Amino acid sequence: MDKVYSPQNVEAKWSRFWIENKIFSSHVDKSKKPFTIIIPPPNVTGSLHMGHALNNTLQDVIIRFKKMQGFNALWVPGTDHGGIATQSVVEKLLKKEGIKKHELGREKFLEKMWEWRNKTGDTILEQLKRLGCGLDWDRLAFTMDEKRSEAVKKAFIELFNKGLIYRGKRIVNWCPSCATALADSEVEYKEEKGSLWYIKYPFSDGSGFLVVATTRPETMLGDTAIAVSPDDERYKNFVGKTIDLPLTDRKIKVIKDYAVEKDFATGALKVTPAHSMADDAIAKRNNLDYIEVIDIHGKMINVSAKYEGLTIAQARKVIVEDLEEGGFLEKVEPIMHSVGQCYRCQSVIEPLMSDQWFLNVSGMSKKAIAAAQKEQTIFFPSSWKHPYILWLENIKDWCISRQIWWGHRIPIYYCVDAQGVRKDCPPIAAMEKPNKCPVCGGTLFEQDSDVLDTWFSSALWPLSLFDWGQKENKENQQLNYYYPTSILVTGYEILYLWVARMVQFGLEFMKEVPFKHIFLNGIVRDKHGKKMSKSLGNVVDPIEVMDKFGTDALRFALAQSASPGRDMQISDESFLAARNFANKIWNASRFIIMNAGDELKNLGQNIRPIRLCDKWIVAEFYQMAKNVKGSYEVYEIDVAARQLYDFLWTKFCDWYIELSKGRLASEDAAARKNVLEILVFILKETLKLLSPIMPFITSEIWEILNSHNYSVCISQTDFCANKTPEYADQVLFHMSILQDIIVNIRSLRSQMNVSPAVEVKAIFNVFDKTKQEVVKENADYIKLLAKVSDIQFVKNADRQKNSAMCVAGGFEIFVPLEGLIDIQKEKERLQKEIDFALVEIERTKEKLANKKFLERAPKTEIEKIQSRRKAAQEKIDKINANLAFWE
RNA sequence: GGGCGGUUAGCUCAGCUGGAAGAGCAUUUCCCUUACAAGGAAGAGGUCGCAGGUUCAAAUCCUGCACCGCCCACCA
């Protein structure tokens, strides 16, 4: 084995091993309980970023843990076609070649899309393999493959036939750059600098004017009312009056509506129902007209010739000039306001009227709320339940159509005449182009040109992955066995966009939630707490981290800081620490393997803990195993990671391996074998517990330990979780005495500048027989770890001028240091010890003097304080006696 | 405006079903002791954001406040 662990040499081998041997494939097996996870499908345009690395590491840890527990574990891989995002990537590429989408035409363009997706769409899958993900690759799915597409069509048709999908002209969020509608949740709001124009709107009767403030003066041409707050005294008398809308020949009325904030600007709001979500709501409440003045190309329409056809920016300029000229402009103020942007391309969103397909979600959301309230879906952490329900309560109908080409084309067919003109027959929802119109008998049809929102197919993911729609649900074995899945692991940023919709569709089509648990992981931030983004240039590439530190280090670092639902800051230091941990494990294993030699493969089966430290490490191990397993069970992977780190490094390496060296070097073959058994046993069992987080290094070591080609993650185990031995408490206590002695002697040596090479003598002044027995039996530990050559037990030790002393483990310990001791320094050191003890005395004294404490605190607590007090006092007395001796 | 988090050692964070302040990194001293210098040993470093309250006892529970952050919402 190499002195340093080199991940490069082992990682490729193991990910190949897992895939080639189909270690993580799963089949319907009714004799075993399934544990199922569906991957949040990454976009085909994507390459692995830290968020993916975190999210998939967590899923992998869970799936590996469950598999080892004996579940029929299945983690299904797949990718998402990614609608607008993907189309715009390819569009840009074609543009570089001088090819324009519209010149190509729909079919040719889609050919190019598929070409590109087949060529580069699997990059991220290869990266997931490198991350070690235990996915069942035979089930690899794509949201636009045949099965998934059929499921989408089938779902659409079912919803359409139930009357839940309808077409309507509504105000939608329009992205002028992508030239498509967006759902509300696809709009991101950003604070931006803008201007607030104050415009005078004159009353028709010439009795003056009302001033309104707007950030979008060009929309005034579409105003159909002025709204004021119902409890605004200033405007009370104006409600109902008529206004001459400037720059037009239209008249509008002053109305009242509660949405108006009377303290903002002038407290009077111009209402443009066709171009503002807020105004749309007001218009609905007040039956206002909708006048569209901006079309989907961002050009002015339905306006006087002067403005017709201008772009929004041009119109704004001209209109502001005209208002100024007409004396309608009162003033302009700078303002910070939030502006809606396209979540994909960051263009400013234009709310406007457009014909779209909508899904009525009121029924579905009610069912989803009920499911969450009945805890059919449980959130990890639970704090997300409330916002989730709140969101569902306020949900509006979902605009599911998009005016792009890449995606699932809406399976709606219109009956047309020979010239291709649509007839009045109602549209037909069907899997394929119908043969005959049931109304007019016509045979010519035209399919709706829109495609579905990407999230529509994503919402079906838990169903479509198990071939929903291919046959009757009752006959679908895959679906019946694996659905509902066990846990969904995803980032909280797509809780509404994706998770809530999967729940709604699951309840709608299966009458059952799609997953029992929802684990929401946080966002990975850089070391300054900033979100990683390309524009900030603070992106840490997980591939680079794997190259530099190893995949296990990446996984461990992420797992360790992945507190459920909480963001995390991560940097090279975390990866470095994790890499060092991997190396520590490697070297501890190397030490054990080297010492075991040829016997290795027979070791670790029958442990017989004889010595105190054996029993101690066994007790510590079982305790840790129980805790780690418990943490995995509730998805507290960060806690599990820290427990393993602490046990392996601090307990196993720093204490047990160090203590084992005595017996390993001895001539006593039986003692040697005995300690090796325990070393190998603990190592192997700890590797099992660690393998879900660090599968590569644990597999590699496991292979050497077992001298055959089996991966640790195959081994089924109960993780030794219920084996805490009876002797645990006593052993822990006795060991703590020895540790206290060793640490104190070491400290004394270090502070007296005694060279590590020099062995010293230790004289124990005995006060307690039992403790003396413990030390006697384990004197070799002290000799080994504190570099002590000789131990003596005495009563009322003769104090010596040349001895340093300490009080530890209930003893007064003298260390003769002739020629090495600096009495002055030793006095200072002892004085410091006294000072510490004095603080302790103060604290305990206060408590014990408190009558109420003595009355009300539990007995054990009082005893604890009393014994602490006693120990502190003894320490002081002993040290003082020694100091007095020196005087 | 509503909701949710955070504030603990120089940095990143644990601890929060209440009973002596923890880890990693950084830092100081000593050590290349044949598992590991990507290491070991010892040390220094914190009135746990502020103010109240509950309690014998509060980093931990409650109430305010301050600052930071996130999500949702129809402030033009």
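All values derive from a computational prediction rather than experimental measurement. Letters A, B, ... are given to chains in the order of the sequence lines, protein chains preceding strands, and every chain is numbered from 1.
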Side chains of [X] and [Y]: donor-acceptor distance under 3.5 Å anywhere?
| X | Y | answer |
| --- | --- | --- |
| A/Tyr492 | A/Asp567 | yes |
| A/Lys270 | A/Thr219 | yes |
| A/Thr650 | A/Asp646 | yes |
| A/Tyr290 | A/Asp280 | yes |
| A/Ser383 | A/Lys385 | no |
| A/Tyr645 | A/Gln560 | no |
| A/Tyr201 | A/Asp223 | yes |
| A/Thr844 | A/Glu840 | no |

Over how many whole Å does the gap from [X] atom [atom1] to [N] atom [atom2] extend?
| X | N | atom1 | atom2 | answer |
| --- | --- | --- | --- | --- |
| A/Met568 | B/A23 | CE | C1' | 17 Å |
| A/Tyr258 | B/A73 | OH | P | 15 Å |
| A/Asp280 | B/C75 | CG | P | 13 Å |
| A/Asn173 | B/C74 | CG | P | 9 Å |
| A/Lys787 | B/G40 | NZ | C1' | 11 Å |
| A/Gln569 | B/G24 | CD | C1' | 15 Å |
| A/Leu848 | B/G19 | CG | P | 18 Å |
| A/Ile745 | B/A41 | CD1 | P | 16 Å |

Under 4.0 angstrom, heavy atoms only, what part of the nucleic acid is [X] near: base, sugar-phosphate, or nothing?
| X | result |
| --- | --- |
| A/Trp649 | sugar-phosphate |
| A/Arg566 | sugar-phosphate |
| A/Gly550 | nothing |
| A/Gln751 | sugar-phosphate |
| A/Ile657 | base |
| A/Asp654 | sugar-phosphate |
| A/Glu840 | base |
| A/Val743 | sugar-phosphate |

Pick the [atom1] atom in [N] and in [M], then give their distance to the nearest Å.
| N | M | atom1 | result |
| --- | --- | --- | --- |
| B/U60 | B/G24 | C1' | 23 Å |
| B/C16 | B/A20 | P | 13 Å |
| B/G49 | B/A66 | C1' | 8 Å |
| B/C75 | B/A57 | C1' | 49 Å |
| B/A59 | B/C65 | P | 22 Å |
| B/U47 | B/A41 | C1' | 31 Å |
| B/G18 | B/A37 | C1' | 43 Å |
| B/C48 | B/U7 | C1' | 10 Å |

Tell me which residues in residues 577-584 of chain A lie within less than 4.0 Å of RNA chain B, going by non-hydrogen atoms.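 Heavy-atom cutoff 4.0 Å gives A/Ala577, A/Arg579, A/Asn580, A/Asn583, A/Lys584.
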Should the pair A/Arg579 and A/Tyr5 be classed as cation-pi, given the thresholds of under 6.0 Å to the six-membered ring centre and 45° from the axis?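 No, cation not above the ring by the 6.0 Å, 45° rule.
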With sequence neighbours left out, what residues match A/Arg746 under side chain to side chain donor-acceptor pair (under 3.5 Å)?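 In terms of side chain to side chain donor-acceptor pair (under 3.5 Å), with neighbours along the sequence ignored, A/Arg746 is linked to no residue.
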[N] phosphate, OP1 or OP2: any side-chain N/O from [X] under 4.0 angstrom?
| X | N | result |
| --- | --- | --- |
| A/Trp655 | B/A41 | no |
| A/Lys661 | B/A35 | yes |
| A/Thr650 | B/A23 | no |
| A/Arg642 | B/C13 | no |
| A/Lys3 | B/C36 | yes |
| A/Arg843 | B/A20 | no |
| A/Arg216 | B/A76 | no |

Distance check, rounded to the nearest 0.5 Å: A/Asn753 atom CG versus A/Ile821 atom CD1?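 It comes to 12.0 Å.
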Working to the nearest 0.5 Å, report the span between CZ of A/Phe836 and CD1 of A/Ile841.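 With rounding to 0.5 Å, CZ (A/Phe836) is 14.5 Å from CD1 (A/Ile841).
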With the threshold set at 4.0 Å, does a side-chain nitrogen-carboxylate oxygen contact exist between A/Glu861 and A/Lys859?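 No salt bridge links A/Glu861 with A/Lys859.
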Between [options], which nucleotide has the shortest distance from any of its atoms to the side chain of [X]?
| X | options | result |
| --- | --- | --- |
| A/Trp391 | B/G43, B/C72, B/C70 | B/C72 |
| A/Ala857 | B/G19, B/G40, B/A14 | B/G19 |
| A/Glu573 | B/G19, B/G43, B/C25 | B/C25 |
| A/Pro858 | B/C4, B/C30, B/G19 | B/G19 |
| A/Glu261 | B/C75, B/G19, B/A41 | B/C75 |
| A/Phe591 | B/A20, B/G43, B/A35 | B/A35 |
| A/Ala259 | B/C74, B/A76, B/A35 | B/C74 |
| A/Ser563 | B/A76, B/A20, B/A14 | B/A14 |
| A/Ser747 | B/G43, B/C72, B/A35 | B/G43 |
| A/Arg746 | B/A14, B/C36, B/A42 | B/A42 |

Does any N or O in the side chain of A/Thr698 come within less than 3.5 Å of the main-chain N or O of A/Met694, such that one atom is a donor and the other an acceptor?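 Looks like yes, one N/O pair under 3.5 Å.
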Nearest-nucleotide comparison on RNA chain B, the residue closer to the 5′ end among A/Asp567 and A/Lys864: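 The residue mapped nearer the 5' terminus is A/Asp567.
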Closest-nucleotide ordering on RNA chain B, the 5'-leading residue of A/Ile865 and A/Phe264: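 The 5'-side residue here is A/Ile865.
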If pairs are Watson-Crick or G-U with both distances under 3.5 Å, what is the dot-bracket string of RNA chain B, marking crossing pairs with [ ] and pairs to another strand with |? ((((((((.[[[[.)...(..]]]].(((((.......))))).....[[[[[..)....]]]]])))))))....
For the side chain of A/Glu861 and the base of B/A20, is some donor closer than 3.5 Å to an acceptor across the two?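 It does not, because no donor-acceptor pair links the side chain of A/Glu861 to the base of B/A20 below 3.5 Å.
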